[in-house]
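This is the structure I want to talk about, given as structure tokens.
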Amino acid sequence: MSTPYPFTAIVGQDDLRLGLLLNAVSPAVGGVLVRGEKGTAKSTAVRALAALMPEVAVVAGCRFSCDPGAPDPACPDGPHDAGAGVSRAARTVELPVGASEDRLVGALDIERALSEGVKAFEPGLLADAHRGILYVDEVNLLHDHLVDLLLDASAMGASYVEREGVSVRHAARFLLVGTMNPEEGELRPQLLDRFGLTVEVAASRETDLRVEVVRRRLAYDDDPAGFAARWADEETALRERIVAARALLPRVVLGDGVLRQIAATCAAFEVDGMRADIVMARTATALAAWAGREEVVADDVRQAALLALPHRRRRNPFDAPGLDEDKLDEALQDAADERGGDDDPGPDGPGGGVPPQGDGPESDGGGPDGGGADDGSTDDPGADGPGREDTGSGDAPAPGGGGEQRPVRAGEPFRTKTLNVPGLGEGAAGRRSKARTEHGRTTGSRRPEGALTKLHLAATVQAAAPHQRARGRSGRGLVVRRDDLRQATREGREGNLVLFVVDASGSMAARQRMSAVKGAVMSLLLDAYQRRDKVGLVTFRGKEAGVALPPTSSVDAAAARLESLPTGGRTPLAAGLLKAHDVLRVERMRDPSRRALLVVVTDGRATGGVDPVALAGRAGRLHASEGTASVVVDCESGFVRLGLAAQLARDLGGSAVTLDELRADSIAGLVKDITAAGRAA
């Protein structure tokens, strides 16, 4: 077994270390979600924490780590007699992003259950993690159904497996730790709320700290055991402090005045529900125990708020987590004034903070991770002919010709109509288009390819029934062979790649109209976030098109690029479509199972070269020939309508919707299923 990097040797990252230590002191805090850029000691810190966890006593031979002092009466390996057990180190169990449901919650031996009538249950990772740490790296990339199972078990302290009339329940209490890089996509707000604490980490910009990170990491890589030995005293001291804080925790007093501060703070920041209040109370209590005090003080509440509230204040996926510390101080002071203003912040600051690293080999310090114009439009949108040069207007000339305006703010997002890819896919689980998935309604059966995951009971019995006499059946049990087993085929929903191609040229640059267009695209991005899609952004203006954002799961990154998008210049529509074709070609090679939906946001006008409209039509027919599902959001306005966007939709083999029809509550709009097959003009 490899030697883990010492927790006390991590440089800086105070919030990260404190959040993990508070959960080690009080697992009831509810775990911690660590958000940060790559290479910031997220995984290193979590793996290092395991070495600090106190040993646990377990019933000998129990696969579910029952406590010998209070064994679980419903344990599948029980019943156990109370008594002495054996001690072992607390486990750190890692849940891979690509794990199956059976690997997480456990699996039943279906063949033995049918033929012998026994509950032959193979425990999963939740059972392994009981009374230890369950670590999910890149938790934002975990499939939704696995996240739901994981967080349900975390909330209830038990895991339930219900299949084909066989029921198994076992205890599953663990310290849940998730890490993620926000650039790769966000967790849904309701899932964020299930993590007790959230900490943000970033690499230090101080030269001395970065030098120390590299020095320690190189020393560890050269001699892991020797490096760990140099930090052994600090590790022992920290482990003893955790044990002492755990012992003190039941005696910590949470006074009424402090509870009022907690409630007032949560109310001031308008967090939803009551979970934030409960988590803050538990965190403040853990902070007091960590500092060696038997009473919670105001600074404990303040530190608890900084850890427990930022991720609960998000109202949509485009909001960055954070907390206004001035507002926090004001809320705490107002609550203190209401009860007489006699709150004592205590001598130890915010819960005593992170333990000093003493006179160890090096000093404290990021941890290694293994590593314009305010007016008017450029053109009259109703009088601009298809071949007219878009001259634009604004403060500075555009690189590709014409003028350029400063970025326009997006209009208010709205709920959009559902845009689906036709047919039945087999892509990653999501919420947009129909697909064959592991979850959903059962539509049939097939012979299993590899391990059986979802049994189709009726089909299995039907396959085994004709062979019972030949197999010598004499008892009540059904004689089932491997060849009889049938896998259930299910139909659910998949996530797609939604590639936006946005016209940012002069013909779209009227500020009011561009604000509405950006608001529509922002609404579609919000819909893509909710449906678990990947998104990409191609823009065109001037003389060329560019990839503003390569396909990614980070919808908020696409929103940020859209907000900063300038407008003006010519309209190279064909270049935008061809650039989108290149992006989709590469993505098909990377992920062949993820189907694409092309969303072109334009008024259909095109400029540049000879017959630019015909050139755009040929580019559209190229997409249609490859079966790409598409929709054109028609942004044309004014009294003169040329219908160019509708013609482009026909060339693409898709449909056109106006901005008004895109709204889910529009009377004129209809739910649009985008067809990839060509339509008659």
Side-chain angles (χ1 to χ4, degrees), residues 384 386-390 400-402 419 421 496-509 517 520-521 524 534-551 558 561-562 565 567 569-589 595-636 642-658 672 674-679 681:
D384 189 14
R388 173 179 170 180
E389 294 291 324
D390 298 321
L419 305 175
V421 177
N496 298 116
L497 166 60
V498 181
L499 182 61
F500 294 92
V501 182
V502 179
D503 184 347
S505 65
S507 70
M508 298 277 289
V517 168
V521 178
L524 289 167
K534 289 181 68 174
V535 296
L537 180 62
V538 172
T539 63
F540 58 93
R541 55 184 291 274
K543 292 184 178 180
E544 58 187 16
V547 181
L549 183 71
R561 301 291 173 88
L562 182 69
L565 179 67
T567 57
R570 298 174 181 175
T571 314
L573 177 57
L577 294 173
L578 292 174
K579 179 64 70 174
H581 180 267
D582 290 341
V583 172
L584 293 178
R585 176 178 55 82
V586 173
E587 286 302 308
R588 286 191 189 100
M589 292 187 290
R595 299 185 295 163
L597 174 62
L598 183 67
V599 179
V600 184
V601 185
T602 181
D603 57 9
R605 291 173 171 81
T607 60
V610 178
D611 202 353
V613 174
L615 186 61
R618 288 197 294 272
R621 290 190 289 276
L622 176 62
H623 283 281
S625 68
E626 296 184 352
T628 302
S630 59
V631 60
V632 176
V633 180
D634 185 356
C635 303
E636 191 173 29
L642 302 178
L644 295 173
Q647 178 58 51
L648 176 62
R650 289 191 288 272
D651 290 329
L652 285 164
S655 295
V657 294
T658 65
K672 301 287 185 177
I674 309 308
T675 59
R679 293 181 177 179

- Message: Nearest 0.5 Å, please: how far is CZ in R650 from CD in Q647?
- Response: 4.5 Å
- Message: Counting C-beta onward and ignoring hydrogens, is there a side-chain heavy-atom pair between L622 and L578 closer than 4.5 Å?
- Response: yes
- Item | Minimum side-chain heavy-atom gap L642-E636 below 4.5 Å | yes
- Return the set of residues passing side-chain hydrogen bond (donor to acceptor under 3.5 Å, both in side chains) with R621 (not counting sequence neighbours), or none when no residue passes. D651
- Note on the structure: Rounded to the nearest 0.5 angstrom, the CG-CG distance for L648 and L573 is 5.5 Å
- What one should report as the nearest heavy-atom pair of A504 and L565 is CB-CD2, 3.9 Å
- Distance-minimising heavy-atom pair for P612 and A606: CG-O, 3.3 Å
- So, do T602 and V632 sit near enough that their side-chain heavy atoms are less than 4.5 Å apart? yes
- Task: Quick one: closest heavy-atom pair of G653 and S630, and the distance?
- Result: C-OG, 4.4 Å
- Partners passing side-chain contact (heavy atoms from CB on, under 4.5 Å) against L549 (at least two apart in sequence or in another chain): L537, T552, A557, A558, R561
- Among pairs that include at least one residue of residues 572-581, which meet side-chain hydrogen bond (donor to acceptor under 3.5 Å, both in side chains), considering only residues two or more places apart or in two chains? H581-E626
- Write out all pairs satisfying salt bridge (Lys or Arg N to Asp or Glu O under 4.0 Å) with one or both partners inside residues 608-618, taking only residues at least two apart or from two chains. none
- Note on the structure: Result for side-chain contact (heavy atoms from CB on, under 4.5 Å) between V421 and one of L497, L598, L597 points to L597
- Tightest non-hydrogen contact, residues T571 and S505, listed as OG1-OG, 2.9 Å
- Check whether any side-chain heavy atom of V601 lies under 4.5 Å from a side-chain heavy atom of C635, and answer yes or no. yes
- Query: Taking side chain as C-beta onward, heavy atoms only, is V599 less than 4.5 Å from V633?
  - Reply: yes
- Item | Distance (rounded to the nearest 0.5 Å) between T628 OG1 and R588 CZ | 4.0 Å
- Task: Would you name the heavy atoms of A596 and L584 that are closest together and state the gap between them?
- Result: CB-CD2, 3.7 Å
- Search all heavy atoms of G576 against all heavy atoms of F540 and return the closest pair with its distance. CA-CD2, 3.9 Å
- State which residue, out of L499, V502, L577, fulfils the side-chain contact (heavy atoms from CB on, under 4.5 Å) condition with V538. L499
- Task: With sequence neighbours left out, write down each residue that passes side-chain hydrogen bond (donor to acceptor under 3.5 Å, both in side chains) with N496, or none if nothing qualifies.
- Result: S433, E494
